[in-house]
*Asks:* 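Submitted below is the structure of interest, expressed as structure tokens.
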Amino acid sequence: MNRTIFLDRDGVINKIHYDEDIGLCTPHTTEDFVFLPKVPEAVKRINDMGFLVVVVCNQPDIAKGRLSLNAHEKINGKMISGLETVGARLDGIYYCFHRHEDGCTCRKPKPGMLLKASHDLDVNLTDSYIVGDTIADIEAGKNAGCKTILIANPRLDLLKILHERGCEPDYIVEDLHHAVQLIENLEKTHIENRM
């Protein structure tokens, strides 16, 4: 079975920008999509470690009419081509276009996208990680049985809320670059302990 590092997109792979009308929001144009520092290189390092890399991302702006499917696909294309410039690749991309009130099983914090990826790509979830910057990411990872890595997020007091819900992340890091560094160290320790 494959080990996988699941990545949220907005706030982990790319910057989130501020819109005067709706506040913090995800990219709505290709110009809005800007990689966070060292992300393509971090994804390449994950590829080189032998993990699959799978994006799992809620995108409710499509259901809300704020983002067209065509614009979404162009943004997705820019992400893929930007990663390819350093030889990095994604092994799967799963999006949930539903709103919270739709009650679907794929929208994080429910684990539907991770479970579907597990089925499609023969993933061992307990030997996999999810890296995210929101409560929903950590809860989805816990619900799927993955190890969870929270990217420090100044927007909310996430740790307090996660603690109150009994769903604390396994690890906390500054960004995806540091998440990959952590996983490399954990893997090295695991190998040394088996020798």
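Computed from a predicted model, the values in this text were never measured in an experiment. We number each residue from 1, following the sequence as shown.
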*Asks:* If I compare all heavy atoms of Ile46 with all of Leu52, which pair ends up nearest, and what's the gap?
*Replies:*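 For Ile46 versus Leu52, the nearest heavy atoms are CG2-O, 4.3 Å.
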
*Asks:* Looking only at heavy atoms, what is the nearest atom pair of Gly132 and Asp137, with distance?
*Replies:*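 Heavy atoms only, the tightest pair is CA-OD2, 3.3 Å.
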
*Asks:* Is Leu7 reachable from Tyr171 through a run of hydrophobic residues whose side-chain heavy atoms are each under 4.5 Å from the next?
*Replies:*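 Yes, it is one cluster - the side chains of Tyr171 and Leu7 are joined through contacts under 4.5 Å.
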
*Asks:* Less than 4.5 Å apart, any side-chain heavy atom of Leu115 and any of Lys110?
*Replies:*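 No, too far: nothing below the 4.5 Å cut-off.
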
*Asks:* Return the minimal non-hydrogen interatomic distance between Leu90 and Leu83, and the atom names on each side.
*Replies:*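 Shortest heavy-atom contact: CG-CD1, 3.6 Å.
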
*Asks:* Is the shortest side-chain heavy-atom distance between Met113 and Val54 below 4.5 Å?
*Replies:*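 Result no, sub-4.5 Å side-chain heavy-atom pair not found.
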
*Asks:* Which residue, Asn143, Asp8, Thr134, forms the side-chain hydrogen bond (donor to acceptor under 3.5 Å, both in side chains) with Lys108?
*Replies:*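 Of Asn143, Asp8, Thr134, side-chain hydrogen bond (donor to acceptor under 3.5 Å, both in side chains) with Lys108 is met by Asp8 alone.
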
*Asks:* Indicate yes or no for a side-chain donor-acceptor contact from Asp91 to the backbone of Val53 under 3.5 Å, with no hydrogens or angles considered.
*Replies:*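 Checked: pair present.
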
*Asks:* Can you check whether Cys57's main-chain N or O pairs, donor with acceptor, with Arg9's side chain at less than 3.5 Å?
*Replies:*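 Not confirmed, Arg9 side chain does not pair with Cys57 backbone.
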
*Asks:* Parallel, tilted or perpendicular, judged at 30° and 60°: which one describes the rings of Phe35 and Phe33?
*Replies:*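 Ring orientation, 0 to 90° scale: perpendicular.
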
*Asks:* For Ile93 and Met79: C-alpha separation, side-chain torsions, deciding distance, then whether side-chain contact (heavy atoms from CB on, under 4.5 Å) applies.
*Replies:* CA-CA 11 Å; Ile93 304 173; Met79 174 178 66; 4.1 Å; yes

*Asks:* When clusters are formed by joining ILVMFWY residues with side-chain heavy atoms under 4.5 Å apart, either directly or through shared neighbours, do Val39 and Val86 land in the same one?
*Replies:*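 Hydrophobic grouping puts Val39 apart from Val86.
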
*Asks:* Salt bridge between Asp102 and Arg99, side-chain N to carboxylate O under 4.0 Å?
*Replies:*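 A salt bridge links Asp102 with Arg99.
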
*Asks:* State, with a plain yes or no, whether a side-chain heavy atom of Val123 is found less than 4.5 Å away from one of Phe6.
*Replies:*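 Of all side-chain heavy-atom pairs linking Phe6 with Val123, at least one is under 4.5 Å.
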
*Asks:* May I ask you to decide if Thr126's main-chain N or O and Lys147's side chain share a donor-acceptor pair within less than 3.5 Å?
*Replies:*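 At least one qualifying donor-acceptor pair exists.
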
*Asks:* Can you find a heavy atom in the side chain of Ile151 that is under 4.5 Å from one in the side chain of Val173?
*Replies:*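 SC-SC contact between Ile151 and Val173 confirmed.
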
*Asks:* Taking a hydrophobic cluster as the set of Ile, Leu, Val, Met, Phe, Trp and Tyr residues connected by side-chain heavy atoms closer than 4.5 Å, whether directly or through intermediates, do Leu69 and Tyr94 fall within one such cluster?
*Replies:*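 Leu69 does not cluster with Tyr94.
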
*Asks:* Is there a path of hydrophobic side-chain contacts, each under 4.5 Å between heavy atoms, that joins Val131 and Leu121?
*Replies:*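 In one cluster: no.
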
*Asks:* Which atom names give the shortest non-hydrogen contact between Asp10 and Pro27, and what distance separates them?
*Replies:*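 Shortest heavy-atom contact: OD1-CD, 3.4 Å.
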
*Asks:* Val43, Leu186: one ILVMFWY side-chain cluster at the under-4.5 Å cut-off?
*Replies:*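 Yes; Leu186 is reachable from Val43 via cluster members.
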
*Asks:* Is Lys78 reaching over with its side chain to a backbone N or O of Thr30, donor-acceptor style, under 3.5 angstrom?
*Replies:*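 Looks like yes, one N/O pair under 3.5 Å.
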
*Asks:* Quick check: does any side chain N or O of Ser118 sit under 3.5 Å from a backbone N or O of Leu114, one acting as donor and the other as acceptor?
*Replies:*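 The answer is no, because no donor-acceptor pair under 3.5 Å joins these two groups.
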
*Asks:* How far apart are the closest heavy atoms of Ile130 and Gly141, and which atoms are they?
*Replies:*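 Closest approach of Ile130 to Gly141, heavy atoms only: CG2-CA, 3.6 Å.
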
*Asks:* Kindly say whether Thr29 contributes a backbone atom to a donor-acceptor pair with the side chain of Asp32 at under 3.5 angstrom?
*Replies:*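 Flag set: sc Asp32 to bb Thr29 pair under 3.5 Å.
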
*Asks:* When you measure from the side chain of Lys142 to the backbone N and O of Gly166, does any donor-acceptor pair fall under 3.5 Å?
*Replies:*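 Judged by distance alone, no pair lies under 3.5 Å.
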
*Asks:* With a 4.5 Å heavy-atom cut-off, do Pro37 and Asp175 have their side chains touching?
*Replies:*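 Answer no - side chains too far apart.
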
*Asks:* Find out whether Arg165 and Ile135 are in side-chain contact, i.e. whether some heavy atom of one side chain is under 4.5 Å from a heavy atom of the other.
*Replies:*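 Heavy-atom side-chain distance check passes, below 4.5 Å.
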
*Asks:* Can you confirm whether Ile16 sits close enough to Asp133 that some side-chain heavy atom of one is under 4.5 Å from a side-chain heavy atom of the other?
*Replies:*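 Result yes, sub-4.5 Å side-chain heavy-atom pair found.
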
*Asks:* Heavy atoms only: give me the nearest Ile172-Pro169 pair and the separation to one decimal.
*Replies:*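 The answer is CG1-CG, 3.9 Å.
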
*Asks:* Does any part of the side chain of His177, heavy atoms only, come nearer than 4.5 Å to the side chain of Glu41, both counted from C-beta?
*Replies:*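 No, side chains not in contact.
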
